[in-house]
Amino acid sequence: MNVDLELFQFRYSHFNEKVRWALDHKGLSHKRTDLLPGPHARIIKKFTGQSQTPVLRIGDQYVHDSAWIIERLELIFTDAPSLLPTGEDDRERAREVARHFDFVVGPAARICVFVAMLDDPDYIARLFATGKPPVTRTLYRSLLPLMKGRLQEANGITGSHAIAEAERLLSTNMQSLTQLIGRNGYLAGDSFSVADLTAASLIAPLIDPPHPDMKKPGPMPERLEELTEKWRNHAAGRWALEMYERHRPVLR
């Protein structure tokens, strides 16, 4: 099926990475349009009435929310490799694991990573404005102090309690993840599914996988480097890196 696909994304966002990975896994050719966090809202609201990425344009329709996008891809592109296990029990388990990572682990990881680079606006500007013209990067850097509060709120950093809770949730769930991994290395059934893709992609900002779609520019801020080293050496981090090695080939 020949359908025009365009992904409106943040370059290093893990929820956007989740959709990029799904599109690549299915072998679906698509255009990627990078947006700047903050100024992106006006564009995205025009398409969907809300301001979060990712948003995938499928022909003349716009779909937001990474889980909804993947479900829509499953419905439309039935000839492409599926991310849903064939067995009903495994399929429900895969969706349940993916939902948990969407609502719990993904947001906690985002808070912890953002806090680790919060004191380095130069790096934040460099990260968020990757690929943009020099004048755009310079202007964006100059606006960051004015947008700091809004960016913190948008990323769930509402105070010290929110940070402590994110760290607790991350620690607990990363340990729990190691208990969910089956003997074959997967989280639901005997093959790679939306559960593995969601878990690995939402952990990605913590482990800086070598894939060019998520590999951060260096040098990283010291706190971010320490956070990355910690989770790369954790069993759950090693599992996510293995998922990247097995199932995330470089296609671009």
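The side-chain contact (heavy atoms from CB on, under 4.5 Å) check on Thr178 picks up Gln175, His234, Ala235, Ala236, with sequence neighbours excluded. Every salt bridge (charged side-chain N to carboxylate O under 4.0 Å, His left out) that Glu92 has, sequence neighbours left out, goes to Arg99. Annotation: side-chain contact (heavy atoms from CB on, under 4.5 Å) contacts of Arg93 (sequence neighbours excluded): Val97, Leu180, Ala188. Asn233 pairs by the side-chain contact (heavy atoms from CB on, under 4.5 Å) definition with Glu229, not counting sequence neighbours. In this structure Glu242 satisfies the side chain to side chain donor-acceptor pair (under 3.5 Å) test together with Arg246, sequence neighbours excluded. Annotation: salt bridge (charged side-chain N to carboxylate O under 4.0 Å, His left out) contacts of Glu165 (sequence neighbours excluded): Arg168. Applying the side chain to side chain donor-acceptor pair (under 3.5 Å) test to His25 and every residue at least two apart in sequence or in another chain returns nothing. Residues satisfying the side-chain contact (heavy atoms from CB on, under 4.5 Å) criterion with Ala166, sequence neighbours excluded, are Ala108, Ile111, Cys112.
Distance CG/Leu227 to CG/Leu170: 7.5 Å, rounded to 0.5 Å. Atoms OG1 and CH2, on Thr198 and Trp21 in that order, are 9.5 Å from each other to the nearest 0.5 Å. Taken to the nearest 0.5 Å, the CG atom of Leu202 stands 11.5 Å off from the CZ atom of Phe103. Going from atom NE2 of His64 over to atom CD1 of Ile69 covers 8.5 Å, rounded to the nearest 0.5 Å. Between the CD1 atom of Ile203 and the CE atom of Met243 there is a distance of 10.5 Å, given to the nearest 0.5 Å. To the nearest 0.5 Å, the span separating OG on Ser82 from NZ on Lys26 amounts to 5.0 Å.
For the residue pair Gly237 and Met174, the shortest heavy atom distance occurs at N-CE, 4.2 Å. Taking both residues in full, the closest heavy atoms of Leu151 and Pro37 are given as CD2-CB, 4.1 Å, listed atom of the first, atom of the second, then distance. Contact detail for Pro212 and Arg11: the closest heavy-atom pair is O-NH2, 2.8 Å. Nearest approach of Lys45 to Ser51, heavy atoms of both residues: CE-CB, 3.9 Å. Between Ala109 and Leu206 the shortest heavy-atom distance is CB-CD1, 4.0 Å. The minimum heavy-atom distance between Leu187 and Ala195, with the atom names listed, is CD1-O, 3.8 Å.
Residues Leu127 and Pro217 have side chains in contact (heavy-atom distance under 4.5 Å, counting atoms from C-beta outward). For the pair Val115/Arg223, a side-chain contact is recorded, criterion being any heavy-atom separation below 4.5 Å from C-beta on. Side-chain contact between Pro54 and Glu17: absent, with no pair of heavy atoms (C-beta onward) separated by less than 4.5 Å. The shortest distance between side-chain heavy atoms of Phe114 and Met117 falls below 4.5 Å. Gln152 places a side-chain heavy atom less than 4.5 Å from the side chain of Lys148. Taking the side chain as every heavy atom from C-beta outward, Phe101 and Lys18 never approach each other to under 4.5 Å. Side-chain contact between Val19 and Gln9: absent, with no pair of heavy atoms (C-beta onward) separated by less than 4.5 Å. The side-chain heavy atoms of Asp196 and Trp239, taken from C-beta on, include a pair separated by under 4.5 Å.
Panel note: side chain His161, backbone Gly159; no donor-acceptor pair is recorded below 3.5 Å. Without hydrogens or angle criteria, Ser142 side chain to Leu139 main chain gives a donor-acceptor distance under 3.5 Å. The backbone N or O of Glu167 sits nowhere less than 3.5 Å from a side-chain atom of Ser171 that would complete a donor-acceptor pair. With hydrogens and angles ignored, the 3.5 Å screen pairs no side-chain donor or acceptor of His247 with any backbone N or O of Leu197.
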*Trace of the side chain to side chain contact (heavy atoms under 4.5 Å, CB included) decision for Leu5 with Phe77*: CA-CA 12 Å; Leu5 302 174; Phe77 299 98; 4.2 Å; yes

_Ile207 vs Thr228, side chain to side chain contact (heavy atoms under 4.5 Å, CB included): CA-CA, chis, key distance, verdict_ = CA-CA 5 Å; Ile207 59 172; Thr228 302; 5.5 Å; no

*Phe15/Gln52 under side chain to side chain contact (heavy atoms under 4.5 Å, CB included): CA gap, chis, key distance, verdict*: CA-CA 10 Å; Phe15 283 97; Gln52 293 183 332; over 6 Å; no

*Output, in order, the C-alpha distance, side-chain angles, deciding distance and verdict of side chain to side chain contact (heavy atoms under 4.5 Å, CB included) for Leu73 and Leu83.*
CA-CA 10 Å; Leu73 294 177; Leu83 283 165; over 6 Å; no

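For the pair Arg20 and Asp34, the salt-bridge criterion is not met [side-chain N within less than 4.0 Å of a carboxylate O]. For Arg91 and Glu74, the salt-bridge test fails: no basic side-chain N is under 4.0 Å from an acidic carboxylate O.
For residues 200-212, every residue pair satisfying the side-chain hydrogen bond (donor to acceptor under 3.5 Å, both in side chains) rule, not counting sequence neighbours, is listed here: Asp208-Lys215. Under the salt bridge (Lys or Arg N to Asp or Glu O under 4.0 Å) criterion, the residue pairs touching residues 61-73 are Glu71-Arg95, with sequence neighbours excluded. Within the structure, side-chain hydrogen bond (donor to acceptor under 3.5 Å, both in side chains) contacts touching residues 106-133 (residues at least two apart or in different chains) are Asp122-Arg141.
Membership of the apolar cluster around Val55 extends to Phe8, Phe10, Leu35, Ile43, Ile44, Phe47, Tyr62, as traced through chained side-chain contacts below 4.5 Å between ILVMFWY residues.
Environment of CD in Gln50: crowded, with over 12 heavy atoms of neighbouring residues, nucleotides or ligands closer than 6.0 Å.
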